[in-house]
K.L.:
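Quick one: the structure is below, questions incoming.
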Number of protein chains: 2
Amino acid sequence: MTSIRERNQELILRAASEEFADKGFAATKTSDIAAKAGLPKPNVYYYFKSKENLYREVLESIIEPLLAASAPFNQPGRPAEVLKAYIRSKIRISRELPFASKVFASEIMHGAPHLSPEQTEQLNAQAKHNISCIQRWIDQGLMAKVDPHHLMFSIWAATQTYADFDWQISTVTGKGSLDDEDYEAAVRTITRLVIKGCDIDETVPSASEQVSNA
Amino acid sequence: MTSIRERNQELILRAASEEFADKGFAATKTSDIAAKAGLPKPNVYYYFKSKENLYREVLESIIEPLLAASAPFNQPGRPAEVLKAYIRSKIRISRELPFASKVFASEIMHGAPHLSPEQTEQLNAQAKHNISCIQRWIDQGLMAKVDPHHLMFSIWAATQTYADFDWQISTVTGKGSLDDEDYEAAVRTITRLVIKGCDIDETVPSASEQVSNA
DNA sequence: GTCTATATCTGGATAGAC
DNA sequence: GTCTATCCAGATATAGAC
């Protein structure tokens, strides 16, 4: 059973995500959040103590999905399959969590003043892990000598842009919102740039080769 | 000769760029802008009427450089040279106009509420021109069939990220700021992804071929 | 737990002296 | 043209009735 408490907190969180994504932290009014949630303003303060607290909860909600997107890097795998899965996950986050994604982007853009040192460290550690993973592939001759840092920056940017700069994308494409095929095209394009751009072998290892690895 | 007026306007504009880039429009206090410019607050209002007006001037200052970056698309040229020049220009803007770049990014992220219809139209027209230019190259068999819209989104994102998400880049690389070689590596990486990713021929046409084109 | 009414404070903007 | 002192709108946050 869902209590009124849980329901209202969820309504407020959802409304807050959208407002913060749309206007930014400072420009967002708690009264607008309350109105969008269909609740009186003091309820916002009752459930979440302060505007900043509420903001931090929205921000926190995106950390776990972001870390989860790096899962392909956390198990053994060949460059093609890991990078493809990673790009797909990142695009999925942009599509399915567009508001929290934007809040996160805005937060990073302003120097991450609300991220806790622990969150910063978690994200940074994962990023460094991914980068060293790419460096290893380069050392093993599995891909071209591309600067792994800059490669990661390009992948992040290219995938995040579908959430962060949706207005620009709508304006240029002339579409109000992108459909399944548009997101598939995005994944295809970014994947192609990365795979071909890094000279990565796309052929699947044969059964015998797979067995011989064991 | 530079009048006091010009000097003060310049000081205020520079301070405003930094503050708006750092905190965003709503979170920026005019008193902080004045303080950073080394002038009393009413001077800000004397020279620029309102906070919003000042913000619009900062925003406007980046439009022309952004349009100018598309110059390679506005004259005949082969894919490799045009795209290379474009990527280099975009990275240069991120490096040389980091504050205005960030202000622009933030503006776009929130749906461009302060951009005039004319500015929107100018930017959009240029974007569409660039995209149709890429489509023509594809039709002519000069590059692979990559969706031109998504290719442009990736190039914008990958180049803008050096201004917008400088905090992330500093955190991950462990460097306070990037040097010449870092920016060269960025250009090299993005260029490689685009050129190789789109199967673009990099060989320079021979003198005879160049003549035969005339 | 919920909401009306209100306190309090921040920050954009300006009047008016110099 | 410049700046001190001040006004006041608007937003966060809460007291206290229900």
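What you are looking at is a predicted structure, and each value in this text was computed from that prediction instead of being measured. Values reported hereafter were calculated over all heavy atoms of this structure, with side chains retained and with hydrogens, waters and symmetry mates removed. The chains referred to below are lettered A, B, ... by the order of the sequence lines, with proteins before strands, and numbering in each begins at 1.
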K.L.:
Counting only pairs under 3.5 Å, give me each side-chain donor-acceptor contact of residues 18-25 of chain B, with atom names and distances, residues two or more places apart or in other chains.
P.N.:
{"unit_1": "B:Glu19", "atom_1": "OE1", "unit_2": "B:Lys23", "atom_2": "NZ", "d": "3.2"}
{"unit_1": "B:Glu19", "atom_1": "OE2", "unit_2": "B:Lys36", "atom_2": "NZ", "d": "3.0"}

K.L.:
Checking A:Tyr162 against B:His150: is there a side-chain donor and acceptor pair closer than 3.5 Å?
P.N.:
yes
K.L.:
Atom CG of A:Asp32 to atom C1' of D:dT12: distance rounded to whole Å?
P.N.:
13 Å
K.L.:
Atom CG of A:Leu39 to atom C1' of C:dC3: distance rounded to whole Å?
P.N.:
11 Å
K.L.:
Without decimals, in angstroms, what is the distance between B:Glu6 CD and D:dG1 P?
P.N.:
11 Å
K.L.:
Any chance the side chains of B:Asn124 and A:Gln168 put a donor and an acceptor closer than 3.5 Å?
P.N.:
no
K.L.:
Which residues in residues 43-51 of chain B have at least one heavy atom lying under 4.0 Å from any atom of DNA chain C?
P.N.:
B:Tyr45, B:Ser50, B:Lys51
K.L.:
If you look at every strand shown and take non-hydrogen atoms under 4.0 Å, does A:Pro40 touch a base, only sugar-phosphate, or nothing?
P.N.:
sugar-phosphate
K.L.:
Between B:Tyr55 (OH) and C:dG12 (C1'), how many Å, whole number?
P.N.:
17 Å
K.L.:
Nearest whole angstrom, please: distance from the P of D:dC3 to the CD1 of B:Ile4.
P.N.:
9 Å
K.L.:
Just how far, in rounded Å, is P of C:dG11 from NZ of A:Lys29?
P.N.:
16 Å
K.L.:
Rounded to whole angstroms, how far apart are CG on A:Leu11 and P on C:dG1?
P.N.:
15 Å
K.L.:
Looking only at side-chain N and O atoms, does A:Asn8 come under 4.0 Å of OP1 or OP2 in C:dT2?
P.N.:
yes
K.L.:
Quickly work out the A:Glu52 CD to D:dA11 C1' distance and round it to whole Å.
P.N.:
15 Å
K.L.:
Side chains of B:Trp156 and B:Ile108: closer than 4.5 Å at any heavy-atom pair?
P.N.:
no
K.L.:
Looking only at side-chain N and O atoms, does B:Thr30 come under 4.0 Å of OP1 or OP2 in C:dG12?
P.N.:
yes
K.L.:
Under 3.5 Å, is there a donor-acceptor pair between the A:Ser50 and A:Tyr45 side chains?
P.N.:
no
K.L.:
Hey, would you say the A:His129 and A:Phe73 ring centroids sit under 6.0 Å apart?
P.N.:
no
K.L.:
Could you check which of D:dA11, D:dA13, D:dA5 has an atom nearest any side-chain atom of B:Pro42?
P.N.:
D:dA5
K.L.:
Within the supplied structure, the quantity of interest is the number of heavy atoms (other residues, nucleotides, ligands) at a distance under 6.0 Å from B:Arg14 CZ; does it exceed 12?
P.N.:
no
